Amino acid sequence: MDYLNNKFDIIVVGAGHAGCEAAISAAKLGCKVLLCTLNVDNIALMPCNPAIGGPAKSTLVREIDALGGVMGEVADATYIQMKMLNSSKGPAVRALRAQSDKKEYMNYMRNIIENNDNIYLKQCCITELLVKDGAVCGAVDEFGIEYSARAVVLTTGTSLEGRIWVGLRSYSAGRLGEKAAIGLSESLNKLGIQTKKLKTGTPARVDKRTIDYSKMTIQPGDDELNFYSFKPNRPIRPQYPCYLTRTNEKTHEIIKANLDKSPMFQGLIHGVGPRYCPSIEDKIVRFSENPSHHIFIEPEGLGTYEVYIQGFSSSLPADVQLQMLRSLPGLEKAHVIKPAYAVEYDYVPAVQTLHSLMSKDVKGLFFGGQINGTSGYEEAAAQGLIAGINAVNYLNGSEMLELSRSSSYIGTLIDDLVTKDIEDPYRMLTSRSEYRLLLRQDNADARLTPIGHKIGLIDDTQYKIFTDKQEAILREQQRLMETKVSATDEVNSILAKYNENIERGMKLGELLKRPNIDYKILKELDSETAQLNVARDVYEQVEILIKYDGYLKRQEYQVEQGSKLEKYRIPDDIDYSKLEHISSETRDKLSKIRPKTLAQASRIGGVKPADISVLMVMLDRHSIAKTITE
C-alpha cells in the first residue's frame, strides 16, 4: 500500500511508445510503477504516421516481441492493412509494415496498462528530479507533489520544452492539442546533464470525404498475411487500401514562392530535423531536379474521417498548406482537419548514458525514446523496453541487459546512440548494421527469445512454442539435406516450368540453393515434403538457412573477427588525458564517452584506426588491458 504515501519502485515519465514498454516490462517483472503522462487520453498516441514497421523498423518490432515487449502484439491486434515491403528482395531487407487503427492501438495499449495491478497511472507534468548522494530518489510534479522511487525512466518524446511552429507563428506545445513539459530540462541541467534541441514535424490531416480517390493509385495490403508477434492466434482482420498521388510543378511553385514564410528557412527553428524524413519544403529545395515526389494517402482508422498525408510534412502557414494540398491530384477539394506543423524540443544527447540507458552522472536515472535523440515509434519502444528492464535490474542489483551489435538491431541502435554524437534525429536503417544478414526480422525469436525467457518476460508456454519451432526448423533442414530426388522425366518436366533441370540425382537441400527454386516447388517434386505440411514460419526459415548458407557463414566469421576488440576491456578509471600519441580531439571524445571496450572506442565518430592501435599498445604497455573470457 506504499502508493498511498506516493512511494513506488520506479517512476516512468511519459506514456508514449517508450514509456508504455518501460512501464509494462517493469510491472511484469514485479515492480510498482508510477506512469506519469501529460494526458491519460493520449497513451500510446501515434502523433505522426498511423503505422508500425517498415524497413529496419519491422526488425525492431519483432525483436521487442521476442524479448517480451508488447508493440508487436498491439500492432497485430489493431492493423487495418499488412504489407511486406521489399518482398522480391533478399531476406535482410524485407520489412513488414502495418497500417494501424490509431484509436484502437491506443485503447488496446491502455487496456494492457490498466489491467496490470503494478502500474499506477497519473496525469501530471514532472518538473523536477530528486537526487541524493548521486542517485535518483524521486520526482516532483507541477503541483509540488513529491513521489519517491529508486529508479526513474524519462520518456518525454517531443514534449520537453516543446514549441510548435505553423508558419512564422509558434506556441508552447509538445504535440498539437497538448501542452509542453516545462521545468524538467532545467532540473536536468542543474544535475549536470546537457540538453540540446531537435526538430521534427508531421503532415496535415484531411477529411477523406473530400478526396477523389479515382485520381490516385490504389495500394492494397497483402493476400498472404504476415504478423509481428511470435505468439499464436493473431487476429485475421479486413484490410483497407492506401492510395498514392504525386506532387507536380504547381505544388513546387507554391512551395518555392512561400519559403520566406517557413520558420526553418528563416532560421527561427534551431533544432536539426530528421535527415531521412524531411519536410516537403526540404525535398523541393534539396532535390530540385526531381519534378515529382510520391505522396501516400493513409487512413488513420475505421472510426474517423481523418486521413494522413504521408510524405507531406510542413511548417509553412496553414493557408499555404491548403494551396499545396489542393494542387495534388485527388485533393483539389480537400478539407484540412488538422494543419501540418513542426515541433522543436529538448533532448538529452545519449553519449551521457551507458549501454544500459542509465545516466553516467545520476544512478538510477534512465532515458528512452526521442529524449535520446531518436525518431520513430519503433526506436522509442525498443529503448523503453531496455530501460524498463534495466531499471528493474538496477533495483535488484542484477547484471544490466546490454545487447551487442551482433545480436540485434536494438543493440546496434543503442550502441550508435551512446557512442556517437547524434546531431539529427536518429532513425534505424538496415545500412546501420554491419551484420544485417544475420539480424533479420524473420529470425528475431531465434536470437532473443532465450534472453526474454531468462529475464522473465517470456513465459514457459511461449518459450515451449519457441523451442518446438526451432526443433522443427532443424529437423526439416536436416531432412532436406539428406533426401534425394532422382533425375526422372517427371521431375525434369516439373523443373522445366521454372527454367531448371537436373542431370543426376540431387539432395533437395542442394536443389533449394538454386535461385529459381523455393520450398513450395520442392512439394511438387517430393511427396514426403508435400505430405509433411510444414508450417510456413518453419519452412521459410529452412529455405533462408539453406539458400543463404554461404553468406551466413561469411557474416558469422565477420562477427567472430569483430568480437576480438570486444574482448579487450578498458578500465573505468583510465585517465585519457595522460595518453600520448593520440590527438587532443580523440582524447576529449574518449574522456566524454568512456568506452568499455576497444571495439566501442573504434566506433566513436572521429576516432581513427591508428588511434585504436595506439590505445591498444598503451593498454598493453601499462598492463591494464583485460581479456574477456568467452
Side-chain angles (χ1 to χ4, degrees), residues 53-66 72 75-76 79 82-98 221-234 236 408-409 430 435-450 462 465-483 485 498 500 507-526 528-553 555-556:
K57 293 169 176 283
S58 63
T59 304
L60 287 174
V61 181
R62 289 230 172 120
E63 289 181 349
I64 290 166
D65 186 79
D76 285 350
Y79 71 90
M82 282 287 193
K83 195 175 188 69
M84 185 68 75
L85 308 180
N86 301 325
S87 57
S88 63
K89 298 181 180 179
V93 294
R94 292 173 197 158
L96 185 61
R97 186 178 189 271
D222 291 338
D223 294 328
E224 189 173 40
L225 285 174
N226 292 276
F227 295 97
Y228 285 114
S229 181
F230 294 101
K231 300 181 181 71
N233 305 320
R234 281 75 57 96
I236 306 300
S408 58
Y409 271 24
T430 53
Y435 307 122
R436 55 188 172 274
L437 187 54
L438 294 178
L439 308 181
R440 308 180 308 276
Q441 62 170 9
D442 58 81
N443 71 346
D445 58 338
R447 294 183 280 113
L448 297 178
T449 298
Q462 180 60 27
I465 293 171
F466 161 74
T467 55
D468 287 348
K469 174 185 171 183
Q470 299 309 306
E471 289 169 4
I473 291 169
L474 180 60
R475 238 183 358 256
E476 183 62 2
Q477 185 179 3
Q478 291 175 337
R479 190 188 70 81
L480 292 183
M481 296 308 295
E482 294 169 358
T483 303
V485 62
Y498 307 102
E500 293 282 356
K507 299 289 176 60
L508 289 175
E510 291 299 319
L511 188 58
L512 186 58
K513 290 183 178 182
R514 295 189 178 186
N516 296 334
I517 303 298
D518 61 25
Y519 188 88
K520 292 178 181 178
I521 296 172
L522 297 187
K523 291 184 178 182
E524 298 181 50
L525 299 172
D526 179 62
E528 184 182 0
T529 302
Q531 292 170 5
L532 280 175
N533 196 27
V534 176
R536 178 159 69 102
D537 60 347
V538 171
Y539 74 67
E540 285 178 347
Q541 282 299 291
V542 170
E543 184 173 319
I544 290 170
L545 291 171
I546 291 177
K547 195 176 286 288
Y548 296 93
D549 178 59
Y551 297 102
L552 294 171
K553 285 179 178 175
Q555 193 143 99
E556 286 167 358

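Predicted model only: the values in this text are computed from it and were never measured.
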Nearest 0.5 angstrom please: [X] [atom1] to [Y] [atom2], how far?
| X | Y | atom1 | atom2 | answer |
| --- | --- | --- | --- | --- |
| Ile473 | Glu540 | CD1 | CD | 10.5 Å |
| Glu528 | Leu522 | CD | CG | 12.0 Å |
| Lys523 | Asp526 | NZ | CG | 11.5 Å |
| Arg440 | Glu63 | CZ | CD | 11.5 Å |
| Ile517 | Ile546 | CD1 | CD1 | 13.0 Å |
| Tyr498 | Glu524 | OH | CD | 3.5 Å |

Contact between [X] and [Y] at the side-chain level, heavy atoms closer than 4.5 Å - yes or no?
| X | Y | answer |
| --- | --- | --- |
| Asp549 | Leu552 | no |
| Leu525 | Leu511 | yes |
| Leu96 | Arg62 | yes |
| Arg436 | Tyr409 | yes |
| Gln462 | Thr449 | no |
| Phe230 | Lys469 | yes |
| Asn226 | Arg536 | yes |
| Ile521 | Glu500 | no |

By side-chain hydrogen bond (donor to acceptor under 3.5 Å, both in side chains), which residues pair with Tyr551, not counting sequence neighbours?
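side-chain hydrogen bond (donor to acceptor under 3.5 Å, both in side chains) list for Tyr551, sorted by chain: empty.
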
Apply side-chain hydrogen bond (donor to acceptor under 3.5 Å, both in side chains) to Thr59 and list each qualifying residue two or more places apart in sequence or on a separate chain.
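Per chain and number, Thr59 pairs via side-chain hydrogen bond (donor to acceptor under 3.5 Å, both in side chains) with no residue.
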
Search all heavy atoms of [X] against all heavy atoms of [Y] and return the closest pair with its distance.
| X | Y | result |
| --- | --- | --- |
| Ile544 | Pro91 | CD1-CB, 3.9 Å |
| Asp445 | Ala66 | CA-CB, 3.8 Å |
| Ala98 | Tyr228 | N-OH, 3.5 Å |
| Pro450 | Ala446 | CD-O, 4.0 Å |
| Ala56 | Thr430 | CB-N, 3.5 Å |

Not counting sequence neighbours, which residues clear ring pair (Phe, Tyr, Trp, His ring centres under 6.0 Å) with Tyr539? List them please.
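Scan of Tyr539 (ring pair (Phe, Tyr, Trp, His ring centres under 6.0 Å), adjacent residues dropped) gives Tyr519.
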
Taking only residues two or more places apart in sequence, or in another chain, which ones meet Tyr548 in a ring pair (Phe, Tyr, Trp, His ring centres under 6.0 Å)?
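Once residues adjacent in sequence are excluded, Tyr548 has no partner under the ring pair (Phe, Tyr, Trp, His ring centres under 6.0 Å) criterion.
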
Would you say [X]'s side chain and [Y]'s backbone share a donor-acceptor pair under 3.5 angstrom?
| X | Y | answer |
| --- | --- | --- |
| Asp76 | Ser229 | yes |
| Lys57 | Arg97 | no |
| Gln555 | Leu437 | yes |

Tell me whether Glu476 is salt-bridged to Arg479, with the criterion being a basic N under 4.0 Å from an acidic carboxylate O.
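Answer for the salt bridge query: yes.
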
Does a salt bridge link Asp518 with Lys520, judged by any charged N lying under 4.0 Å from a carboxylate O?
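No salt bridge links Asp518 with Lys520.
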
Who passes salt bridge (charged side-chain N to carboxylate O under 4.0 Å, His left out) against Arg94, sequence neighbours left out?
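For Arg94 there are no salt bridge (charged side-chain N to carboxylate O under 4.0 Å, His left out) partners, ignoring immediate neighbours.
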
Could you tell me whether the side chains of Asn443 and Gln541 share a donor-acceptor contact shorter than 3.5 Å?
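Side-chain D/A pair, Asn443 to Gln541: absent.
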
What do the steps show when you test Leu480 against Lys507 for side chain to side chain contact (heavy atoms under 4.5 Å, CB included), and what is the final call?
CA-CA 7 Å; Leu480 292 183; Lys507 299 289 176 60; over 6 Å; no

Verify side chain to side chain contact (heavy atoms under 4.5 Å, CB included) between Val538 and Arg475, making sure each step is shown before the conclusion.
CA-CA 10 Å; Val538 171; Arg475 238 183 358 256; over 6 Å; no

Tabulate below the donor-acceptor pairs under 3.5 Å that side-chain atoms of residues 82-89 make, not counting sequence neighbours, or state none.
from	atom 1	to	atom 2	distance (Å)
Lys83	NZ	Pro220	O	2.8
Asn86	ND2	Val93	O	2.9

Met481/Glu510 under side chain to side chain contact (heavy atoms under 4.5 Å, CB included): CA gap, chis, key distance, verdict:
CA-CA 7 Å; Met481 296 308 295; Glu510 291 299 319; 3.4 Å; yes

